[in-house]
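Computed from a prediction, not measured in an experiment: that's the story for all the values here.
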Amino acid sequence: MISRLKAYYNTKKLEKHILKLNKLCEMGQGFCESKFYKNPKIQLLNVKMNNQTKDKQKIRFGDFNNVSCSITLNEKGSIKLGDYVYMNYTKMRIDHQLKIGSNCLFGPNVTLWDTDNHPLSVKQRHQQTIDFANDFPLSRSYEASGGDITIENDVWIGMDALILGGVTIGEGSIVAARSVVTKDVPAFTMVGGIPAKVIGDVPKE
């Protein structure tokens, strides 16, 4: 009896979550339908999002994406993923434009963060601390520097890597685990370190 009740409530929880996701984003064919689970849709519970744009078209997943992720999208931002993207829990904090190509792999706990959040000015930061006592306006992060993130096709980003704003990661490249990417990564290149630097080439075959 207890197991039946648990299954019932889990089903209702999943149905409610799917309805919410349908209002917040566009999901392509086969989205999060993993064969590892008895219920192939259960992985959708690992997709969390806060879409401040109020426009579901601003977050678009391609076909056959298999992702666990947490998204915070500010009011001027957008996120677009290609097909066959795999994410093993990726955190995305996006104020600008994030574009991810097809056939990309993200290791555990990768972070994509395209804004510095706080301005360099002491006066502006001083005022932010006062504002945050009353509210937490995400839009204030536009006072800080930042920029678009573009990740091209066939990129592999290792666990715990941090990708900052204003960078393009070229086709076929690899970002080593726990790297911090602050500059563009050429195509078919392996980078690693803090900040990430070129450490080798990636074979095209």
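- With rounding to the nearest 0.5 Å, the separation of OG1 in Thr168 from NZ in Lys99 is 9.5 Å.
- Of the possible polar contacts, none joining the Asn66 side chain to the Tyr86 backbone as a donor-acceptor pair under 3.5 Å is found.
- Between the side chain of Asp55 and the backbone N or O of Gln57, at least one donor-acceptor pair lies under 3.5 Å.
- Judged by distance alone, the side chain of Asp160 and the main-chain N or O of Ala177 form no donor-acceptor pair under 3.5 Å.
- Electrostatic pairing of Glu26 and Arg60 counts as a salt bridge here, judged by a charged N lying under 4.0 Å from a carboxylate O.
- Looking only at side-chain heavy atoms (C-beta outward), Leu112 and Ile100 come within less than 4.5 Å of each other.
- Listed for the Asp114 side chain is no donor-acceptor partner under 3.5 Å among the backbone atoms of Ile149.
- Here the closest non-hydrogen pair linking Lys183 and Val167 is N-CG1, 3.6 Å.
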* To do: Show your working on side-chain contact (heavy atoms from CB on, under 4.5 Å) between Arg125 and Leu120 and close with a plain yes or no.
  => CA-CA 7 Å; Arg125 285 188 283 114; Leu120 294 178; 5.7 Å; no
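- More than 12 heavy atoms of other residues, nucleotides or ligands shown are found within 6.0 angstrom of CD1 on Ile130.
- The side-chain hydrogen bond (donor to acceptor under 3.5 Å, both in side chains) search around Gln97 returns none, not counting sequence neighbours.
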* Test side-chain contact (heavy atoms from CB on, under 4.5 Å) applied to Asp131 and Asn134, step by step -> CA-CA 6 Å; Asp131 293 341; Asn134 302 308; 5.6 Å; no
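- Between the side chain of Lys56 and the backbone N or O of Asn22, at least one donor-acceptor pair lies under 3.5 Å.
- To the nearest 0.5 angstrom, Asp201 atom CG is 11.5 Å from Ser173 atom OG.
- In this structure, the side chain of Thr111 does not engage the main chain of Lys91 through any donor-acceptor pair within 3.5 Å.
- A heavy-atom distance below 4.5 Å is not found between the side chains of Lys80 and Leu98.
- The structure places CE of Met190 at 7.0 Å from CH2 of Trp156, a figure rounded to the nearest 0.5 Å.
- Applying the ring pair (Phe, Tyr, Trp, His ring centres under 6.0 Å) test to Phe106 and every residue at least two apart in sequence or in another chain returns nothing.
- Annotation: side-chain hydrogen bond (donor to acceptor under 3.5 Å, both in side chains) contacts of Glu33 (sequence neighbours excluded): Lys41.
- Across all their heavy atoms, Val202 and Gly172 have their closest contact at CG1-O, 3.4 Å.
- Between Ser70 and Met92 there is no side-chain heavy-atom pair separated by less than 4.5 Å.
- Between the side chain of His17 and the main chain of Lys48, no donor-acceptor pair closer than 3.5 Å is present.
- The closest side-chain heavy-atom distance from Arg140 to Glu143 is below 4.5 Å.
- The CG atom of Asn50 lies 5.0 Å from the OG1 atom of Thr72; values are rounded to the nearest 0.5 Å.
- The closest side-chain donor-acceptor pair between Asn74 and Ser141 falls under 3.5 angstrom.
- Counting Ile, Leu, Val, Met, Phe, Trp and Tyr side chains that sit under 4.5 Å apart, directly or through other members, Trp113 shares a hydrophobic cluster with Leu162, Leu164, Val180, Ile194.
- Between Asn153 and Val155, every side-chain heavy-atom pair lies at or beyond the 4.5 Å cut-off.
- For OH of Tyr84, the number of neighbouring non-hydrogen atoms (other residues, nucleotides, ligands) closer than 6.0 Å is 12 at most.
- Side-chain atoms of Thr189 come within 3.5 Å of backbone N or O of Ala187 as a donor-acceptor pair.
- Listed here is the closest heavy atom pair of Tyr142 and Glu75: OH-N, 3.7 Å.
- Side-chain contact check for Asn51 and Thr53: at least one donor-acceptor pair (N or O, by modelled atom type) lies under 3.5 Å.
- Under a hydrophobic-cluster definition in which Ile, Leu, Val, Met, Phe, Trp and Tyr are linked whenever side-chain heavy atoms come within less than 4.5 Å, directly or via other members, Val175 and Val198 are assigned to the same cluster.
- With hydrogens and angles ignored, the 3.5 Å screen pairs a side-chain donor or acceptor of Glu152 with a backbone N or O of Glu171.
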* Asked: Passes side-chain contact (heavy atoms from CB on, under 4.5 Å), Gln52 versus Leu138? Steps please.
  -> CA-CA 9 Å; Gln52 292 289 311; Leu138 287 172; 3.6 Å; yes
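- Contact of the Ile157 side chain with the Ile174 side chain is not registered, since no non-hydrogen atoms from C-beta on lie closer than 4.5 Å.
- Between atom CD of residue Gln124 and atom CD of residue Gln128 there is a gap of 7.5 Å, rounded to the nearest 0.5 Å.
- Taking the side chain as every heavy atom from C-beta outward, Ile169 and Ile163 approach each other to under 4.5 Å.
- The two residues Val67 and Cys32 have their closest heavy-atom pair at O-SG, 3.3 Å.
- Residues His96 and Gly147 share a closest heavy-atom pair of CD2-N, 3.4 Å.
- Taking Gln29 as the reference, nothing meets the side-chain hydrogen bond (donor to acceptor under 3.5 Å, both in side chains) condition, with sequence neighbours excluded.
- Residues Met49 and Ile59 meet the side-chain proximity criterion, which asks for heavy atoms closer than 4.5 Å.
- Applying the 4.5 Å side-chain rule to ILVMFWY residues, one finds that Tyr89 remains a lone member of its cluster.
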* Decide side chain to side chain donor-acceptor pair (under 3.5 Å) for Ser145 and Asp116; before the verdict, give the C-alpha distance in whole Å, the side-chain angles of both, and the deciding distance to 0.1 Å. => CA-CA 6 Å; Ser145 60; Asp116 288 348; 2.4 Å; yes
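- Closest approach of Gly192 to Ala176, counting heavy atoms only: CA-CB, 3.9 Å.
- Atom CG in Asp83 sits 4.5 Å away from atom CG in Asp63 (nearest 0.5 Å).
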